[in-house]
Amino acid sequence: MIVSWDDSYTQDVIDLWNEEAVRDGYKELTRQSFDEIFLSNPYFDKKNTFVRLVSDQVQGFACGCTGDDLPLGDVAGYITCIVLAQPHQNDGNYGELLAALEQRFIHLGKKQADILFFNPMLLPWYIPDTPNHEHNNAPGVPVDSRLYAYLLAHGYQERAKQCAMYLNLAGFTLPQEIKAKEDKAGAQGYQVALFDPMKHAGVDHMLNGFNNVLWQKQIGQCVADGVPVVIAAYKGEPVGFAGPVIRQANGRGYFAGIGVLPDHEGHGLGSILFFKLCEAFHAIQTDYMSLYTGSTNPAIRIYEKAGFTTVKQFSVMRREFVS
């Protein structure tokens, strides 16, 4: 039996998660973290959240979210997770929970279901073969999961693969090659350094040039609040960024993105920015960095040159509803 969410199911769902979702690498949940990720999230809706009961015992959990103010939110509902107890992991049970989410999305006027990194319910996961180093968000479905295989076989199209990449920052140093690139760019009028309000006027103008609402909001706020961001400037005018430079409590270097305005590409600024970001993290004793990027994104070469390796892959998926 599939029922809508009630808070009385909280501990049973946490127990289910800690038994099953952790098999796919997700971080275990506590009452506090479950509340932070789900119940207290402004996009949590009991009518978008379902539990599968067998003899009044919780054997499945599914959650999605909607919001017209989210990217694609006017047409898409986001699938956050579908978790089943191992003895119940079959196509019929996955299908029941998935159908409950999809019917709710259709009822709300959505035209598609998406599983992607814009989902505001962030699911942390452990980086394999590390001392519980973790990433703050899963940008899709783990490609080695049972759910991925089910969705692929039942109408969901894979739109992209996201590579989760990792670097232990112990002993990181700026390579001579990057120092040479920085010198060459400097001779052409470019400087790469931490944001300085006395030198770098026009960051908002630069961010607008990327047409990325998340960068505009997040990086713009960091600059306004005095949080360090690595800036590439041409004759004092910001033309690129990397960051912000935030060491999280778990030792991870938080990374929102990197960008260089099209008119200033071709000078090695992307590489310089990223390596200088790694250097800035190392300087504040950050233990490691993790990030994800599309498998076809040219920036993956920059990350690999810095020593990053792909440790896990996630699939960005979509199903369009038939009218």
Side-chain angles (χ1 to χ4, degrees), residues 25-27 71 115-144 159-172 174-175 178 192 194 207 210 212-219 221-222 227-232 240-260 269-316:
Y26 291 105
K27 184 178 180 179
I115 309 171
L116 78 173
F117 41 80
F118 291 137
N119 193 320
M121 291 184 171
L122 308 183
L123 303 178
W125 53 276
Y126 287 124
I127 297 164
D129 303 318
T130 68
N132 281 353
H133 289 173
E134 61 186 81
H135 190 87
N136 66 319
N137 180 30
V141 183
V143 300
D144 55 355
R159 304 187 65 241
K161 272 197 173 76
Q162 291 287 320
C163 296
M165 307 189 75
Y166 168 81
L167 175 66
N168 189 319
L169 284 168
F172 179 86
L174 204 65
I178 297 301
V192 179
L194 292 178
L207 293 172
F210 293 118
N212 184 314
V213 175
L214 295 178
W215 284 357
Q216 290 172 19
K217 180 178 179 180
Q218 192 167 15
I219 301 302
Q221 190 63 52
C222 286
V227 176
V229 175
V230 183
I231 296 291
F241 82 95
V245 186
I246 299 174
R247 183 192 187 278
Q248 296 179 301
N250 58 15
R252 174 179 177 258
Y254 178 77
F255 176 69
I258 179 174
V260 176
L269 295 178
S271 295
I272 299 168
L273 279 163
F274 190 71
F275 275 81
K276 296 284 276 189
L277 175 65
C278 294
E279 183 182 52
F281 275 128
H282 183 260
I284 59 172
Q285 299 181 322
T286 306
D287 298 329
Y288 67 99
M289 287 178 65
S290 60
L291 56 89
Y292 57 82
T293 188
S295 59
T296 60
N297 186 346
I300 197 170
R301 294 194 294 271
I302 296 176
Y303 306 143
E304 289 173 341
K305 284 182 179 179
F308 281 75
T309 57
T310 296
V311 294
K312 198 174 181 71
Q313 285 193 323
F314 296 84
S315 177
V316 174

Under 3.5 Å donor-acceptor pairs involving side-chain atoms of residues 122-129, not counting sequence neighbours:
from : atom 1 : to   : atom 2 : distance (Å)
W125 : NE1    : N137 : O      : 2.9
Y126 : OH     : E28  : OE1    : 3.1
Y126 : OH     : E28  : OE2    : 2.8

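Contact of the L277 side chain with the I258 side chain is not registered, since no non-hydrogen atoms from C-beta on lie closer than 4.5 Å. You'll find the side chain of M165 reaches within 4.5 Å of the side chain of I300, heavy atoms only. L194 has its side chain within reach of V230: a pair of non-hydrogen atoms, C-beta onward, lies under 4.5 Å apart. Within the 4.5 Å cutoff, no side-chain heavy atoms of K27 are placed close to those of N132.
In this structure, CE on M289 lies 11.0 Å from CD on Q248, to the nearest 0.5 angstrom. Taken from NZ in K276 to CZ in F281, the straight-line distance is 14.5 Å, to the nearest 0.5 Å. Distance NZ/K161 to OG1/T293: 15.0 Å, rounded to 0.5 Å. Annotation: the span from Q218 atom CD to N212 atom CG amounts to 9.5 Å, rounded to 0.5 Å. For the atom pair H282 NE2 and Y288 OH, the distance stands at 16.0 Å (nearest 0.5 Å). Residue I231 holds its CD1 atom at 8.0 Å from CG of L273, rounded to the nearest 0.5 Å.
Using the six-membered ring where Trp is involved, F274 and F308 have ring planes that are tilted, between 30° and 60° apart. In this structure, F241 and W215 have perpendicular ring planes: the angle between them is above 60°, well past the 30° mark. Between Y303 and F255, the ring planes lie perpendicular to each other; the angle is over 60°, past the 30° to 60° tilted range.
Y292 places no side-chain N or O within 3.5 Å of a backbone atom of Q313 that could act as its donor or acceptor partner.
Salt bridge absent: E304 and R301 never bring a charged side-chain N and a carboxylate O closer than 4.0 Å.
Counting all heavy atoms, side chain and backbone alike, I219 lies closest to P244 at CD1-CD, 3.9 Å. Between A164 and F314, the shortest heavy-atom distance links the atoms CB-CE1, 4.0 Å. Across all their heavy atoms, G253 and T286 have their closest contact at N-CG2, 3.2 Å. Contact between A232 and V192 at its shortest, heavy atoms only, is CB-CG2, 4.0 Å.
Partners of N168 according to the side-chain hydrogen bond (donor to acceptor under 3.5 Å, both in side chains) rule, which considers only residues two or more places apart in sequence or in another chain, do not exist here. Every residue two or more places apart in sequence or in another chain was checked for a salt bridge (charged side-chain N to carboxylate O under 4.0 Å, His left out) with K305, and none qualifies.
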**Request:** Mind running side chain to side chain contact (heavy atoms under 4.5 Å, CB included) on V227 and Q221 for me, showing each step along the way?
**Result:** CA-CA 8 Å; V227 176; Q221 190 63 52; over 6 Å; no
**Prompt:** Step by step, would you call R252 with E134 a side chain to side chain contact (heavy atoms under 4.5 Å, CB included)?
**Reply:** CA-CA 8 Å; R252 174 179 177 258; E134 61 186 81; 5.9 Å; no
**Request:** Could you check K217 against L207 for side chain to side chain contact (heavy atoms under 4.5 Å, CB included), going step by step and ending with a plain yes or no?
**Result:** CA-CA 9 Å; K217 180 178 179 180; L207 293 172; over 6 Å; no
